[in-house]
Every structure is written in structure tokens, then in C-alpha cells.
Amino acid sequence: MKFTYKIGLVLIAIALVLQSCSVVKYIPKGERLYTGARVEIESDSVINNSDGLKSVLEEALRPKPNKKILGMRLGLYYYYKMQKEHPGFINKFLYKQLGEQPVYQSDVNLYDVEEILINRMENRGFFYSEAISEFEEKEKEAAAKYVVKASSPYTMVGYQLDSLPQPIHPEVKNSVKESELSKGMRFDLANMKMERERIDSDLKQKGYYNFNSGFLIFEADTNQYNKKRFDLFLRLKKETPKKSIVPYKISKVNVYANYDVQDSTVNDVSRFNQKNFINSENFFKPKYLDPFITLEEGQYYNPQTSKNSARRLSSIGSYKFVNIQYTEKDSLLTDSLGILEANIYLSPLNKRSLRAELQAVSKSNNFAGPGIALTYSNRNLFQGGETLNTTAKFGYEFQAGGGGNSGKSSIELGLKNELIFPRVIFPIKIDNDFFKYAIPKTKTSISIDYLARTKLYALLSGTAQFGYIWQANKYVTHEVIPISINYTKLSNTTKEFDSILQQNPFLKRSFEQKFISGLNYSYTYNGMVDTKSKHQFYINSTLDVAGNSISLFGKEDDMGKKKFLGLEYAQYAKADVDLRYHFNFGKEQVIATRLFGGYGHPYGNSEVMPYIKQYYSGGPYSVRAFRIRSLGPGTYSDEDNRQSDYFDLTGNIRLEANIEYRFPIFSYFKGAVFVDAGNIWNSKPNEAFEGKDKFTSNFINELGMGAGVGLRVDVQGFVLRFDFAAPFHDPSKSKTYKFDVNETVFNFGIGYPF
């Protein structure tokens, strides 16, 4: 059954309009629905930043009116629906998600709000202001209007420090010199609070362990001036404790490298680089652990140094808890200095772990089958925080339906060893002090994969990599892989497969280049770490370049192709960018968007991109209305060529865009509504695709598009995802836009798609 997209939008619009109009009839007799308030500011003088002042006053208005969604009070509508004797399951569900209690005119106390507005004005220097209010009434609705008559504000003439005791006086004096409070500024309590917190932060970084902003107090003196001007003085409260006005130094740094809350027995203590390492020798060697600790004996206390040490220690990957505590030595406290001992408690993760992943594969070419991956991890291999991950995988696919591939199957085997060192391994020693935020890690890996497809071929692939990953700050991560080598060997080919390659020279060339040697670079900006932020951004860009260095040593064969060690090698440059934006609003509701673009350019020794480096589209992390690797390239359709559908449809250009609305349902269950668009193309057409795969200026009309709904089970960040999507534009079939429910695709995934 097919429905056009436009008819669906019209029906939704009609339903929402009917719901919006039906709220009025539920309002009780004698009541009016409160629709909000507006504030007007009247003043005889010009007010600096009047828009900001107005925003402060509007934020203080109480109560808040019922929310509107697209101009409609849906929350209120479903509240009234719940008052029925039998509201029904749908109304109950929507009330739980959107419903809210009605706010009536009788709930608004104008005089209380007037007092709040006057208080807000006084806090910002407009003393002796006035506020008047009234209701603006309609038959069933009422709004409030507040008029604030602002007096001329008090402005600052000077800001100075009152007398303070030693040794804190010079430190506060230096901090006050950096203040943003200046002559002519309006009296503002919010600015004064920020100034106290700024000074407190400065003092903390200079060792004042026991100080806090509450010990500072401002006094405004207007006695010297006839007009509304004042001098601002900063002083300490009289009851400020003595130990709050002296800096503290660290006398000892004790590192508990293998700490257990249940068993805190001290077995050995070793001294290294002016730190005491406890229970470390047989667990984590002090010389490897020490660079992560920025605390030192003789340092003044600094909370930022503590945070840096805790963050760096957590990044090793061997510890589940990092706890830094300070102990005051009151017996050593003097009038000018306090003494602290720093204790760093490190609780390790289980050294060894085993993880199993069970997968189910379903492809557009009717191939399906199970897969399993087992990963063994050792998180402290050589007593230096090294992590070894060994993964073995097995997959089996078979023909699940009819078609030209009936009776065919494939077996995939893989083994990967990854070793991560939490330090830089480089021929020249690099000073760790250069890396303020985190110490880079060295990553090495070697893997081998075997794929056997019955009646076609066997493919053996080996990969080795060496590189570094470095977190530059809270948001930015760099990954550089200067050495990346991949070798593939095609064997046991059948006559049927040889025939396919002869008919498709493009595919044949992509299999011929067996050797890939190059470097990879990845830049990631991850604003998603700010989980409470309303606007979140994510950027990932990668660059993959191969073949340039070994081309210097390549020798040309009789066919004009260069080889290295007897192997033809690939030359190409490939770049992609992945942009994401999340808009977070109430009750775990998110609008998530994504835009992806990628391009691979073969050159030199390569006419086409190697097969394993080409792009594909469709699947649970792509355009979900199309099965994995089934979309494109361009407008090409392989329905009439069943022998080629065994091979994933690929290209060297990829564009995709996604938008998804996520919302909570119940407990761990979340829902989603989404729209996806995307496709792949070739910059140089493949003759086997009859030119339909070529990228042109008409690419917008060649995007595969689909929409759907999803169910997610989110248990503390572990997400099982079930998405149902159907296409409303298939570029290989039609130029029209029709929503085709008969072509619904089910997708299963782990984690959110973007």
C-alpha cells in the first residue's frame, strides 16, 4: 500500500489544527487560560544593554504559561484528555510524554511578581524603581502586562581593596588588578558574584587550599557623592578562619598503584622521582606511572594540577577509579604556610577480560548468516599500562532465497592483535611535559583475514599499522598512522568469477592492486562530551594517502605498471568529513543531524580505488531504507544482473545526510523518527554500470531517500537499536517521490547511528 508524502503532511497538519482548537472548550467556567506575560521598561535615560535587562526580567516572571509546540498547546490538550473516564492507551502515553497541568489566570499573583521585578532591578543598580501590572483579558484567555519604571542606575566611580592580613593581601591585590570591574559600570550583584569566584579561582591556583569565595564581601559607599554614584570596596569577612588565608605546599606525594578498598595492606614502598610508590613494583612500574602524575613535592596546592593528574591517570586504561585526596598537617601550620600530603589512590580494572559479540548479517543480495567475535584483553601486559587486545572472528553467509547465487555461501575468518602503549615510542626521546593535557599513546596492530566464497574465489588479506593517538584537549583528538601496510591475495578463482571480471574491467582493476602502503590522519572534535549542553557539535575528518613513498623504489614492468618487491601497489588520496549536530531540549528529547562527504582519488599507479577502500551506502548506520551496500552507485540498478549482486556496489564518492528526532518512551525504552538521504558515485564511469554511476551536477535528484521509526533499548549507554524504514525515493527505479511501505527494511544495530 502506497501513500504520497504530501498527503501525509496534510493529514498531520489537519490533526494538529483540530487539537489546537479543541483546548478552549475544556477551560472551566469562570476561568481563563493564562497565555503568558510581557514586560515593558520605561526610563528617562538610555539603558545600556536594555535587551539583556529585559531578558532578566522576563526570566523572573511566574508562573510560566503552558508550552506551545508549533503554536499548539499539545501538553494541555492531553491533560484534558486524561480527565475523561476512559482516556485510552494512546492518550495516556502522550500525556506521559507531553502532558502538563493547566495554568489559569487565578494562578497568577500580579503583586508578587511586581516585587520580584523590583528586586531584580535593584540587584542591577536601578534602586527606587516601580512596577505596575494589569491583565489583558479575552473570553477564555488572559495575559499579563508589567510596566517597569526604571530609575537612573547607580554607577561605579572606583573599585579598591580594603586592608587584608598577610600573606593573602598581595595575592588578592594582584588579582584585583586583573578585574573587569571598571569605572562607569552599573551596580550589578551578578558581576560582583563573578568577581568573587574569579578571585577565589586565582587564590586556589596559588595554594590557598582552604579559601572560598564566601569569605569575600563587597561594600558600596555612596556618602561621598550627591548623584547616584558609589565606590566599591572589597574586604574579608571578620569570621574568616586563619588557615584560609595562608597558602599550602605539598610535602609528600604517595601513589597507591594497586589500591583495594577491601585490602589496603602496604607490601612495598619505593621512591622514584621524589614520589612514594606503594605496592607498585610488581604491578605497575614507577618509571612508567610517574610521567602521568603532575603533582610534585614542594609544589603549592593547585586544583588544576590535581585535575590534570587525575585525567592523565584515567587515560591509561588500566584503572577504573582515580581518587586524589589531601591530608592537612595541622601541627605544621604557621602564620604564612600550611602543609599537605597528597595521596593518589588508583583502583585497577580486572587485568584480563573476555568479550563476545554475536552478529546476524542480512544483505540485499539474499545472503544471510551468523557471525561471532571473541576479544581477549590484557590491560597491563608489561607492567607499564600496555593494553593487548586479541580478536578472533568467524562469519558464515549462505543464500537465503532464490536468485542467481542460489547454493553459494561464504566463510570469513579473522584474527587481529592490537597493542597500545600509553606513551610515545619514537627513536628520539620526547619530553612528556610538552603534552599538557594528555600523553599520546602508541598503537600497533597486525591482522589477517580470510574470505572464501564458494564457486568464486578466496581472498587473503593482511594489515599492519603503527601510529599515535593524542588527545589535545577535552574536545580534540588527533590520530596519526605513519605506517599502514595492507596486502591482499586473490586465489582459487573459478571460471565463473573470471568471466565476471572480464565483463567488468573496473572491478578487475580494483582487485589487481594487492599492496597498499601509506599513512592515515584523523582529526576529531567531539562536543558531545558536554552532555548537558543544549547545542552539541561533532566533527571527524580523515585523510588516507597511499603509494607515494614506495613509488620512489618502484620498478616498472612490461605492462607499464610499477611494482615494489614484485607486487603492484596502489596510489590514491582519500578524504572524508563527518559533521554532526544535536539539539537537546526537555525530557531527553533530541534532534540529531548528520552530514557526511567523502572522495577518493586514484592517481599514478592506480586507475581505480582499491576495492577495500571504496565507499558503499545503505544499512543500519547509513541510509536505513536501503539494505547494506545496496544503494547506488548513482541511478544504477542490478536487478537484471543477478550474477553481479554478490559483489557490494561501491564508488569513490559518497554523500549522506540524516535527521532524527529521539524521545523517551518508558524506562530504558527510547523512540525515534528519522529521515535519511544519500548515495555513492564514481568520478569516472564504470562501463559495466552503463554510465549510470557517474557523478554529475544532478546528484541531488539521485539521492536515495527514506524515512522510518525506531525503538532503542538504552541501558546506561549500551544501546540496542531496532529501526524500520521505507524508501520514498529510489534513484534506480523512479524520479518520483512515493512512500513505499511494501519496501520496508528492518535494521538492527548496536549504539546510535550518529
Side-chain angles (χ1 to χ4, degrees), residues 27-28 30-69 73 75-76 79 99-138 140-156 180-181 184-198 213-214 216-222 227-230 232 237 532 534 585-587:
I27 299 174
E31 287 282 12
R32 290 184 177 89
L33 185 67
Y34 176 62
T35 58
R38 58 191 177 95
V39 178
E40 295 181 1
I41 302 176
E42 295 180 357
S43 176
D44 295 334
S45 59
V46 177
I47 299 177
N48 294 329
N49 191 20
S50 60
D51 291 340
L53 178 61
K54 187 175 181 180
S55 296
V56 170
L57 297 179
E58 289 174 343
E59 182 62 30
L61 297 176
R62 297 291 184 273
K64 299 296 183 183
N66 294 107
K67 295 178 182 177
K68 286 185 176 182
I69 300 176
R73 295 184 176 87
L76 187 57
Y79 167 82
E100 54 186 8
Q101 297 278 343
V103 181
Y104 296 123
Q105 180 180 0
S106 59
D107 297 321
V108 183
N109 190 321
L110 296 178
Y111 302 108
D112 287 349
V113 177
E114 287 177 11
E115 291 183 5
I116 293 174
L117 295 177
I118 292 172
N119 175 263
R120 295 293 189 272
M121 294 293 288
E122 290 178 346
N123 288 346
R124 282 150 184 82
F126 296 91
F127 294 95
Y128 313 113
S129 295
E130 298 178 2
I132 58 175
S133 59
E134 64 178 352
F135 281 115
E136 298 173 334
E137 298 177 347
K138 296 181 181 179
K140 285 290 187 179
E141 295 181 345
K145 175 184 176 181
Y146 299 92
V147 178
V148 178
K149 297 181 178 180
S151 61
S152 56
Y154 279 73
T155 57
M156 189 173 72
E180 294 185 1
L181 300 181
M185 290 184 68
R186 194 171 66 209
F187 180 94
D188 193 322
L189 285 182
N191 287 339
M192 294 179 192
K193 181 180 179 181
M194 291 173 60
E195 174 71 355
R196 292 197 313 171
E197 292 173 349
R198 185 190 65 82
S213 61
L216 295 170
I217 187 170
F218 282 103
E219 292 181 346
D221 182 7
T222 61
K227 296 183 179 180
K228 294 182 177 181
R229 296 187 295 168
F230 67 95
L232 188 64
K237 291 182 178 179
K532 296 182 180 180
K534 190 172 185 178
F585 52 106
K587 292 186 178 180

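Quick note: numbers below take in every heavy atom, side chains included, and nothing from hydrogens, waters or symmetry partners.
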Return yes if some donor-acceptor pair links the side-chain N/O of [X] with the main-chain N/O of [Y] below 3.5 Å, else return no.
{"X": "Arg229", "Y": "Thr222", "result": "no"}
{"X": "Arg186", "Y": "Asn48", "result": "yes"}
{"X": "Lys149", "Y": "Ala131", "result": "no"}

Crowded around [X] [atom1]? As in, over 12 foreign heavy atoms under 6.0 Å?
{"X": "Tyr128", "atom1": "OH", "answer": "no"}
{"X": "Phe585", "atom1": "CZ", "answer": "yes"}
{"X": "Asp44", "atom1": "CG", "answer": "no"}

Please tell me if the side chains of [X] and [Y] come closer than 4.5 Å, counting only heavy atoms from C-beta onward.
{"X": "Leu76", "Y": "Leu33", "result": "yes"}
{"X": "Pro63", "Y": "Val103", "result": "yes"}
{"X": "Tyr34", "Y": "Asp107", "result": "no"}
{"X": "Phe218", "Y": "Leu189", "result": "no"}
{"X": "Ile41", "Y": "Leu57", "result": "yes"}
{"X": "Asn66", "Y": "Tyr79", "result": "no"}
{"X": "Phe187", "Y": "Lys228", "result": "no"}
{"X": "Glu42", "Y": "Val147", "result": "yes"}

If I take atom [atom1] from residue [X] and atom [atom2] from residue [Y], how far apart are they, to the nearest 0.5 angstrom?
{"X": "Glu197", "Y": "Met194", "atom1": "CD", "atom2": "CE", "result": "8.0 Å"}
{"X": "Leu232", "Y": "Asp221", "atom1": "CG", "atom2": "CG", "result": "10.0 Å"}
{"X": "Lys145", "Y": "Leu110", "atom1": "NZ", "atom2": "CG", "result": "13.0 Å"}
{"X": "Arg124", "Y": "Ile47", "atom1": "CZ", "atom2": "CD1", "result": "13.0 Å"}
{"X": "Arg120", "Y": "Leu117", "atom1": "CZ", "atom2": "CG", "result": "8.0 Å"}
{"X": "Lys193", "Y": "Asp188", "atom1": "NZ", "atom2": "CG", "result": "12.0 Å"}

Problem set entry | Identified side-chain hydrogen bond (donor to acceptor under 3.5 Å, both in side chains) counterpart of Gln105 within the set Glu31, Glu141, Glu137 |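 Passing option: Glu137.
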For this session: Using the ring-ring contact (aromatic ring centres under 6.0 Å, His included) rule, take Tyr154 and Phe126 through it: C-alpha gap first, then chi angles, then the decisive distance, then the call.
Result: CA-CA 7 Å; Tyr154 279 73; Phe126 296 91; 9.9 Å; no
For this session: In sequence, state the C-alpha distance, the side-chain angles, and the governing distance for Lys67 and Glu100, and then conclude on salt bridge (charged side-chain N to carboxylate O under 4.0 Å, His left out).
Result: CA-CA 8 Å; Lys67 295 178 182 177; Glu100 54 186 8; 5.2 Å; no
For this session: For the pair Met156 and Leu181, evaluate side chain to side chain contact (heavy atoms under 4.5 Å, CB included) and give the outcome as yes or no after the intermediate values.
Result: CA-CA 9 Å; Met156 189 173 72; Leu181 300 181; 4.0 Å; yes
For this session: Search all heavy atoms of Leu61 against all heavy atoms of Ala37 and return the closest pair with its distance.
Result: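 Looking at all heavy atoms of both residues, the closest pair is CD1-CB, 3.8 Å.
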Exercise. Which pair of heavy atoms, one from Ser151 and one from Ser129, lies closest together, and at what distance?
Worked result: N-OG, 3.3 Å
For this session: Could you give me the CA-CA distance, side-chain angles and deciding distance for Met185 and Asn191, then say whether side chain to side chain contact (heavy atoms under 4.5 Å, CB included) is met?
Result: CA-CA 10 Å; Met185 290 184 68; Asn191 287 339; 3.8 Å; yes
For this session: Could you tell me whether Arg38 and Glu136 make a salt bridge, using a distance below 4.0 angstrom between a side-chain N and a carboxylate O?
Result: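 Here Arg38 pairs with Glu136 in a salt bridge, since their nearest N and O are under 4.0 Å apart.
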